[in-house]
Amino acid sequence: MWAVGIHGGAGPLRDSDIDQQQAELESVIAWAEAELKRGARALDVVEGAVRRMEDSGQFVAGRGAGPNTEGQYELDASICDGPTRNCGAVAALAGVYPPISIARAVMERTTHVMLAGDGARRFALENGFTAIDDPKIFFQPRPHTLKADHGTVGAVAIDDSGAIAAGTSTGGTSGKRPGRVGDSPIVGAGTWADDIVGVSCTGQGEFFIRAAAAHSVAARARDPKTSLTPILPDVLAEVKALGGTGGIIAVDRSGLVTYAFTTESMRVGLASSAGQREIVIAVQ
């Protein structure tokens with residue numbers, strides 16, 4: 001049994017983006033399916049799926065991120081390994097790439113959970129990650145991204161061993177203040193994985209932090225009488241009551257992978273060994 005879910009953010013629907021983003025979701029899901037079918041670890045699949053979306057430039061994460069008010073590109077990411085409850089994150093990372101893999105390196109090569117700012121940059125360079133020599137050439141934000149837009153990519157997976165993992169990456173909000181950090185790198189807010197569930201969130205990060213959204217999903221999922229299907233809208237309702245909108249994808253140990261959102265649209269791909277397969281720019 002295996003299952004995987006990916007998202008390319010929740011927000012306004014833009015017709016000009018649909019075909020390219022849907023093609024990218026299809027490509028990433030096809031890769032993830034093949035990896036899980038051959039017995040790959042959920043953690044490797046999550047990192048690889050998020051990395052492919054970072055690289056694509058199709059979403060407001062990785063190469064598709066927009067600049068802050070000073071023209072700098074600051075990236076956030078986190079990754080969680082459910083069986084061990086190990087996790088790693090980077091926040092306000094500038095000048096080095098890719099954020100999801102650097103977050104995993106923080107998890108596996110340090111005793112810390114999160115590194116931020118210049119400390120994260122220096123760690124990444126010390127560990128052989130790619131320096132960004134010319135951000136204006138490296139990053140490829142879409143025109144609408146430059147208008148205080150926000151976005152996130154994420155992935156959740158369960159592999160044949162029953163191990164669950166989750167990861168999230170973002171360029172944050174374009175036009176943000178330098179040093180602003182949203183929910184994506186904060187374990188329990190934007191990302192979570194344990195022995196029951198894996199969760200990745202997208203939306204207005206300040207409100208997901210205030211709701212501890214990812215962990216709220218996980219806490220409710222520990223009730224054996226409760227399915228993920230009603231849990232996700234309930235948590236999003238809490239976020240909305242605080243003033244925020246967004247979306248969540250999640251997978252549980254039964255192999256159920258699902259999503260919910262409160263924005264105009266959400267970019268989603270789902271697949272499982274039970275035959276579930278959905279790649280869609282979902283619209284309310």
Side-chain angles (χ1 to χ4, degrees), residues 41 43-44 46-55 59-133 135 138-139 150-156 165-174 176-194 198-202 205-206 208-209 212-215:
R41 295 173 62 203
L43 186 66
D44 295 332
V46 161
E47 179 191 2
V50 172
R51 172 68 186 274
R52 281 161 173 76
M53 289 187 284
E54 290 176 337
D55 290 347
F59 310 101
V60 188
R63 300 191 72 178
N68 63 20
T69 55
E70 295 183 356
Q72 300 169 328
Y73 294 82
E74 294 182 319
L75 308 178
D76 304 331
S78 62
I79 192 165
C80 299
D81 180 39
T84 62
R85 296 283 281 272
N86 287 336
C87 47
V90 290
L93 174 72
V96 66
Y97 189 84
I100 192 64
S101 297
I102 298 169
R104 182 171 177 178
V106 171
M107 177 178 75
E108 295 180 337
R109 304 179 196 177
T110 79
T111 59
H112 309 309
V113 167
M114 181 186 292
L115 293 177
D118 189 59
R121 182 189 67 83
R122 287 188 284 116
F123 165 80
L125 293 175
E126 289 166 6
N127 282 270
F129 289 97
T130 303
I132 299 171
D133 296 325
F138 183 85
F139 290 98
H150 61 84
T152 308
V153 300
V156 297
T168 311
S169 179
T170 188
T173 301
S174 300
K176 64 189 177 183
R177 291 180 63 94
R180 180 266 185 185
V181 175
D183 66 307
S184 296
I186 298 177
V187 175
T191 313
W192 183 267
D194 56 24
V199 185
S200 177
C201 302
T202 174
E206 285 76 7
F208 281 77
I209 293 169
H215 184 264

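This chain uses plain numbering: 1 for the first residue, then up along the sequence.
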Is there a donor-acceptor contact under 3.5 Å linking the side chains of Arg180 and Asn68? no
Nearest 0.5 Å, please: how far is [atom2] in [Y] from [atom1] in [X]?
X	Y	atom1	atom2	value
Met114	Asp76	CE	CG	8.0 Å
Ile102	Met107	CD1	CE	14.0 Å
Asp133	Thr130	CG	OG1	9.5 Å
Arg41	Glu47	CZ	CD	10.0 Å
Arg51	Arg104	CZ	CZ	12.5 Å
Ser101	Asn127	OG	CG	12.0 Å

Centroid separation Phe129 to Tyr97 less than 6.0 Å: no
Testing the basics here: between [X] and [Y], what is the closest heavy-atom pair and its distance to 0.1 Å?
X	Y	answer
Ala165	Val46	O-CG2, 3.6 Å
Ala189	Ile209	CB-CA, 3.8 Å
Ala91	Pro185	CB-CG, 4.2 Å
Trp192	Ala214	CB-CB, 3.8 Å

Side chain to side chain contact (heavy atoms under 4.5 Å, CB included) assessment of Leu75 paired with Arg63: CA-CA 10 Å; Leu75 308 178; Arg63 300 191 72 178; over 6 Å; no
Can you check whether [X] reaches [Y] side chain to side chain, under 4.5 Å on heavy atoms?
X	Y	value
Val153	Thr168	no
Thr170	Val60	no
Pro178	Thr69	yes
Thr202	Phe59	no
Asp194	Arg85	yes
Val90	Val106	yes

I'd like to know whether Asp183 forms a side chain to side chain contact (heavy atoms under 4.5 Å, CB included) with Cys201, so could you lay out the CA-CA distance, the side-chain angles of the two residues, the decisive distance to 0.1 Å, and finally the verdict. CA-CA 8 Å; Asp183 66 307; Cys201 302; 3.8 Å; yes
In sequence, state the C-alpha distance, the side-chain angles, and the governing distance for Thr191 and Ser200, and then conclude on side chain to side chain donor-acceptor pair (under 3.5 Å). CA-CA 5 Å; Thr191 313; Ser200 177; 5.2 Å; no
Between the main-chain N or O of Glu74 and the side-chain N or O of Lys176, is there a donor-acceptor pair closer than 3.5 Å? yes
Apply side chain to side chain contact (heavy atoms under 4.5 Å, CB included) to Val187 and Cys80, showing your working. CA-CA 8 Å; Val187 175; Cys80 299; 4.0 Å; yes
Using 4.0 Å as the upper bound for N to carboxylate O, is an ion pair formed by Arg52 and Asp55? no
Go through the structure and list residues passing side chain to side chain donor-acceptor pair (under 3.5 Å) with Ser169, not counting sequence neighbours. Glu54
